[in-house]
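To start, the structure under review is shown below, and the notes come after it.
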Amino acid sequence: MSTEVNQIEELANKEYKYGFVSNVEAETFPKGLNEDIIRRLSAIKEEPEFMLEWRLKAYRHWLTMKEPNWANIHYEPIDYQDISYYSAPKKKPKLNSLEEADPELIKTYQKLGISLEEQKIFAGVAVDAVFDSVSVATTFKEKLAELGIIFCSMSEAIKNHPTLVKQYLGSVVPSTDNFFAALNSAVFSDGSFAYIPKGVRCPMELSTYFRINAANTGQFERTLIVADEGAYVSYLEGCTAPMRDENQLHAAVVELVALDNATVKYSTVQNWYPGDKNGKGGIYNFVTKRGMCKGVNSKISWTQVETGSAITWKYPSCLLIGDNSIGEFYSVAVTNNYQQADTGTKMIHMGKNTRSTIVSKGISAGKSNNSYRGQVKIIKKADNARNFSQCDSLLIGDKCGAHTFPYLEINNPTAQMEHEATTSKIGEDQIFYLNQRGISREDAVNLIVNGYCKEVFKELPMEFAVEAQKLLSVSLEGSVG
Amino acid sequence: MLEIKNLHASIEGKEILKGINFKVNAGEVHAIMGPNGSGKSTLAQVLAGRKEYEVTKGEVVFEGKNLLELSPEDRAREGIFLAFQYPVEIPGVSNTNLLKTALNEIRRYRGLEQLDAMEFLTHLKKKTKLVEMDQALLSRAVNDGFSGGEKKRNEILQMAVLEPKLSILDETDSGLDIDALRIVANGVNKLKSHERATVVVTHYQRLLNYIVPDFVHVLYNGKIVKSGGKELAFELEEKGYDWLKEQKELV
C-alpha cells in the first residue's frame, strides 16, 4: 500500500506539472443553464467544434425530457437553474496542519486507517513535497506511454485525442439516453479517459487516486474507457475516504467499451457525504454507468461498494453484443440513517452464448431504504444466453426497508435463467453467540456483515477490499443499539 | 472458581431459577441433571449473560469478580465458555475467522499480544488435532449447513481453541449418535486440567459414562434438590426423576 500512497501523494503534488488539470483561469459561472453557458464552458475548455455541437444537442434534448420518478427514492425537487455549471478547479482552502481540520473527519480517517500524509491531502492540508516525486510519477507515466496506453483527463483527451473521443464518446450512453445523462453530456466539466491499445494488458490498476484533483470537479464527471482488441484493464474509481462536496447534485456518466477479446474491470468505492444522522444534507448521486461488450469474447465486470450519498441512483449495466461476451455486476450497497439507495444493473443479452452474473448485497440500517432494481433482457436472436442473479438483503434494526425489483424479459427459448433472492436480519441470537465468544456487539455486526459481503469483496483488488471492509464498519457505526 | 449464591432468575416475569447454590473449584467436573423444564438451560444462559433473563436475586462470583455485572463478551473474556445447545449459524463467516477474532479479543482483554495469522493457524491446527476434528470444519462458515453432530463438535473445537477456564456444556449430548458422543466427550476430557473446570448440563446419564463428573447436582423446579458424587447419576438413571420429586414433596 505504502508505495501506492506515496505515488498518490506525489502525483497530487504534481498535478499541474503533469497536465492533469486544464490550465484555466479561476472562474465560476453565474447560476443557471442555457446555450450561452454551454458555449462559454466549451470555449473555456478550448474544445473542438464537434464537442460544442454534441453538448448543445444534448442540452436541447434535455429540455424536452422529464426527470425520472420511477425510482424508490424521495427528495425535494431540484432547481436546475439554481446551480452553477462551471467552476474552475479552484484550490480547496488550504489548511496549515491537520489540527485545523474538522476533528470528526480526522477521526473517520483514522478509523479507516488512512495514512497521515494521505489524510492531509483529503482534508486539504498543504502537503510538503518532501518525496522524490518526479521519478515515481515519471516512471508511472513512462511505463504507460511505452505500452501506448492513454490515461488522462477527459479535457485533455478531447484536445489531444479527438478522433478516439469522437468515435467512442456517447457510443455506449448516448447523450439522449436519460435525463441525467443528457444533463451530464451538456455540461460535464471533466473526468477520466483511458485507451488500452490492441493486445496490451495494462500492468497496473488505473485509478482516479492518481488524479486526486478530479474529486474537486466531480459534480458532472465523464469517464470513458476503451479496451481495444485483446486488451485488459482494471480501473478503480473513488476511494474510501469520505468525500465532502458543496455541490449537492452529482450526475456522472461512465462508458466502457470492450472490443474483441478485451476485458474491462471497473471497481468503485463510493463514499460521498451521506448527510447527517437526521438526514440533513448529503449528496444526490444520479449516475449512469454502462459498458458495451462490443466484440466477441469480451468481458466487462462492475464491482461497486456504495456506502455514501444521501441518494444513490445507479445501475451499472452491460450490453452484451459480441458473441460469447460476459457481463458481471457485483454490488454491496449500504444505507444507514436516512440514506436512500436505488441501485442495481441491466444485462442486455444480444449476442449468442452471452453470459451474465449479478450478485447484489444490500444492507439497510437506521431509517434507510435500500432497493435493488435489476433488468435481465434476452433478445430474440441471443441464443443460449445464461444469467445468474443473486439479490440478498440484510436488515439491521426494524426501522429500515429493503426492496427488490427484478425485471426479466426473455425472448429466446434457449435462455437459462437462475434467480435467487434472500432477505435476512442480523439476529440477536447470532450477536449473543458471538458475544459469548468474546466479541463485542459492534465487532459481531461487522463480522456478520463482512461475511455477508464476502462474495463481492473478493472481486475487488486486494487493497481496496481491505479498505472496503473498514469502510463498512464505519458506515454502520451506531446502527446497532 | 465459581460460586453461585441464592440465584433467582426469571424470563418475562416468570421465575425459572428459584435459589440456586453451588460452587465449582478449578479442576472439577460438575454435572447438572434434571428433567425437562427444571431450569438447567436457563442456568447456563444466565451464567453466559443472556439479557432476556433477569436476575432478580442472588450473587455469582467468578474468579473473585461479580459476574452479573459483566457484559456477555467480558464474561467470555474472563474465561467462561458456553457450548450452546442450539449453535447458531452465521453464513459467510468462516470458523477460522470467528476464532481468530474471538481469541485476539480475549487476549487483548487479558493484556496479551495479538496472534498474527501464522501463530494463530499453528495454534488452531494443534487444537484441531487434539480434539480430533476434521480440518475441513475450519474453512466452512460457522455452523452453516452443518449437521446436528457437526455443530456440537464445532462447539468443542471452539472451546479447545479459546481455552476457557470454565466450560459450560449445555445439553451437548442431545441429538448425537454414539460415535459423535464419543468424539465430543473425548475432546472435553483432553481439555481437562487442574486449572480448568467443566459444568455439564444434561438430562441423560449416558454422557456421564464418557465425561466422568466429580459432582452431580439435580435441578428440579428451579432449585438444586440433591447433590452427590457420580453414583447419583446412576441412581437417577435407574429410578428416574420421579423418585426425587416424591422425596422433595415429602421434605
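The chains referred to below are lettered A, B, ... by the order of the sequence lines, with proteins before strands, and numbering in each begins at 1.
A cation-pi arrangement is present between A:K361 and A:Y452, with the terminal nitrogen or guanidinium carbon under 6.0 Å from the aromatic centre and inside a 45° cone about the axis.
Heavy atoms of B:L98 lying under 4.5 Å from chain A belong to its backbone as well as its side chain. Both the backbone and the side chain of B:R50 come within contact range of chain A, each with at least one heavy atom under 4.5 Å from a heavy atom of that chain. Of the atoms belonging to B:P164, not a single heavy atom falls under 4.5 Å from chain A. In this structure, the portion of A:D443 lying under 4.5 Å from any heavy atom of chain B is its side chain and not its backbone. For B:E78, no part lies under 4.5 angstrom from a heavy atom of chain A. For B:D144, no part sits under 4.5 Å from any heavy atom of chain A, backbone or side chain.
Taking both residues in full, the closest heavy atoms of A:A365 and A:C400 are given as O-CB, 3.7 Å, listed atom of the first, atom of the second, then distance. Across all non-hydrogen atoms, the minimal contact from B:E132 to B:N186 is OE2-ND2, 3.4 Å.
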Problem - side chain to side chain donor-acceptor pair (under 3.5 Å) assessment of A:Y266 paired with A:E237 - result: CA-CA 8 Å; A:Y266 193 102; A:E237 177 202 349; 2.8 Å; yes
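If you tally non-hydrogen atom pairs under 4.5 Å between each of A:N450, A:L447, A:N435 and chain B, the highest count goes to A:N435. When the candidates B:I90, B:I106, B:L82, B:I80 are compared by the number of heavy-atom contacts under 4.5 Å with chain A, B:L82 comes out ahead. When each of B:N97, B:D74, B:V88 is checked for heavy-atom pairs under 4.5 Å with chain A, B:V88 comes out on top.
A distance below 6.0 Å separates the ring centres of B:F84 and A:Y433.
Remark: side-chain polar atoms of A:R373 are not paired, donor with acceptor, to backbone N or O of A:T343 under 3.5 angstrom. In this structure, B:T96 contributes its side chain and B:L138 its backbone to a donor-acceptor pair below 3.5 Å.
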